Number of protein chains: 2
Amino acid sequence: MAKLDLSTEEKIKDAAKKIFLEKGFGSATTRDIAECAETNIALVNYYFRSKEKLFHEIFRESFAETFMPVARILNDNLPLEAKIYKFVDHMTELLKRDPLLPMFVLSEMRGENSKMCELLTEMQAEEQNQFQQQLEEEAAKGNIRKTDFNQVEASLMAMVIFPFISMNMIKMKKNLTTEEFYRFVDERKKAIPEMILTFLRDRA
Amino acid sequence: MAKLDLSTEEKIKDAAKKIFLEKGFGSATTRDIAECAETNIALVNYYFRSKEKLFHEIFRESFAETFMPVARILNDNLPLEAKIYKFVDHMTELLKRDPLLPMFVLSEMRGENSKMCELLTEMQAEEQNQFQQQLEEEAAKGNIRKTDFNQVEASLMAMVIFPFISMNMIKMKKNLTTEEFYRFVDERKKAIPEMILTFLRDRA
DNA sequence: AAATATTTTAAACATTTGTTTAATTTTTTT
DNA sequence: AAAAAAATTAAACAAATGTTTAAAATATTT
């Protein structure tokens with residue numbers, strides 16, 4: 001393992017990410033994390049003050065620094081078709097690296113009053129929406145069907161992300177190994193854009 | 001409240017469902033549940049033996065008795081188009097009644113070793129797949145495109161269920177009230193079948 | 001090399017939490 | 001109405017868990 005020469009702080013953070021993503025905030029314990037980082041529980045609080053602070057740091061990094069940059073591909077300056085292919089491809093590769101990330105983020109947001117909700121409002125405060133504008137322009141030009149942007153966006157996100165959220169369910173039901181599951185989502189890199197684009201190009 | 005004349009056992013179960021769905025097993029406490037049911041913690045164990053037993057009962061009911069019957073619509077004996085519309089409609093209505101249900105079920109299944117995984121294998125042991133056969137037959141007849149069934153199934157499930165999993169995220173990002181969100185998923189009752197069927201009918 | 005700061009450890013603390021006990025009240029049966 | 005069973009309550013218990021303390025070890029600075 002190359003992890004042996006990481007600083008203690010980094011080892012704890014890596015361990016915490018692993019544990020939190022696997023179990024969620026409620027079911028993860030500082031002792032889990034300390035053991036996984038091969039240190040003791042006092043060090044966890046020494047470096048991060050509290051379980052909650054540590055969680056917030058990992059949550060923020062996972063969302064703001066990992067997920068959002070890829071999600072922002074939809075605001076890139078690219079032709080529609082290339083953009084959708086690029087988004088699905090990059091998001092899929094990200095999620096193959098971090099398959100528990102969507103469940104981690106979203107499961108901490110259930111219940112209206114979740115503390116994570118506020119955190120997210122700050123993060124994505126200033127987001128523009130070039131993608132919506134692009135769809136509307138292409139529709140105005142007659143290149144694609146006129147659609148409700150929110151519906152298309154929701155479907156696109158759903159098709160890419162949901163398989164990872166239900167990964168274990170899919171693996172169980174279809175009897176897939178992790179490699180086979182990854183082959184399945186790789187195939188979706190073509191299947192998803194195909195479905196979206198076929199729909200958009202079919203002027204109703 | 002009509003709940004006042006429920007038996008204590010039923011009040012506890014209702015409360016437990018509410019709390020478990022909101023917080024998940026790990027973050028829910030017996031004291032939460034007792035308070036929500038307006039009784040004391042001893043009663044929870046008096047009727048259900050343990051927190052885990054109570055959870056299992058609710059998990060099984062939620063999945064086997066609530067979710068699966070609607071999912072089985074895909075195996076009904078119905079024309080393809082009608083079936084997809086019916087499935088999306090019924091599933092959406094179910095999830096509007098119980099919006100936290102998908103996150104509840106799926107969040108307890110992360111980590112390969114989750115105890116819920118075994119439970120699920122038993123439940124859906126004997127499932128046939130009339131829907132797959134139907135898609136293959138219609139493709140053979142030339143009525144629809146030849147496709148990978150698993151991809152279509154995954155996309156259909158994703159488009160219906162994912163909005164509820166990311167409900168709070170969507171409500172926050174788009175500034176929606178619950179009513180507005182429900183209007184949004186109601187619109188998807190048309191949008192989702194339209195996208196799937198447009199894709200299937202477009203023989204590549 | 002001494003002094004200082006940083007990191008690490010083991011133990012203890014305080015709270016939370018799942019569970020149980022034993023007594024009391026209420027309901028049902030005889 | 002008496003006896004038995006079931007339901008309810010308050011309190012206690014034991015284990016788990018987030019956090020802190022104080023001392024020891026290590027690294028850094030002077």
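Given the structure is predicted, the values throughout are model-derived calculations rather than measurements. The chains referred to below are lettered A, B, ... by the order of the sequence lines, with proteins before strands, and numbering in each begins at 1.
Note: B/Phe164 and B/Tyr182 have tilted aromatic rings, judged against thresholds of 30 and 60 degrees for the angle between ring planes.
With a cutoff of under 4.0 Å to any heavy atom of chain A, the contacted region of DNA chain C is bounded 5' to 3' by C/dT6 to C/dA10.
Within a 6.0 Å radius of NZ in A/Lys190, other residues, nucleotides and ligands contribute 12 heavy atoms or fewer.
The residue A/Ala34 sits apart from the nucleic acid: no heavy atom pair falls under 4.0 Å.
Judged purely by distance below 3.5 Å, without hydrogens or angles, the side chains of A/Arg97 and A/Thr66 never pair a donor atom with an acceptor atom. In this model, a donor atom of one side chain and an acceptor atom of the other lie less than 3.5 Å apart for B/Glu136 and B/Gln132.
Each of B/Thr39, B/Ile12, B/Leu54 was scored for a side chain to side chain contact (heavy atoms under 4.5 Å, CB included) with B/Tyr47, with one residue passing: B/Ile12.
With respect to B/Glu61 and B/Lys13, a salt bridge is recorded, a charged nitrogen being found less than 4.0 Å from a carboxylate O.
The side chain of B/Thr8 places an N or O atom within less than 4.0 Å of a non-bridging phosphate oxygen (OP1 or OP2) of D/dT8.
Contact check for A/His56 versus A/Phe25: no side-chain heavy atoms found under the 4.5 Å cut-off.
Look at CD on B/Glu35: it is 18 Å from P on D/dT8, rounded to the nearest Å. What separates NZ of B/Lys11 from P of D/dA7 is a distance of 14 Å, to the nearest Å.
Not counting sequence neighbours, A/Glu180 has no partner by the salt bridge (Lys or Arg N to Asp or Glu O under 4.0 Å) test.
Contact check of residues 41-55 of chain A against DNA chain C (heavy atom, cut-off under 4.0 Å) returns A/Ala42, A/Leu43, A/Tyr46, A/Tyr47.
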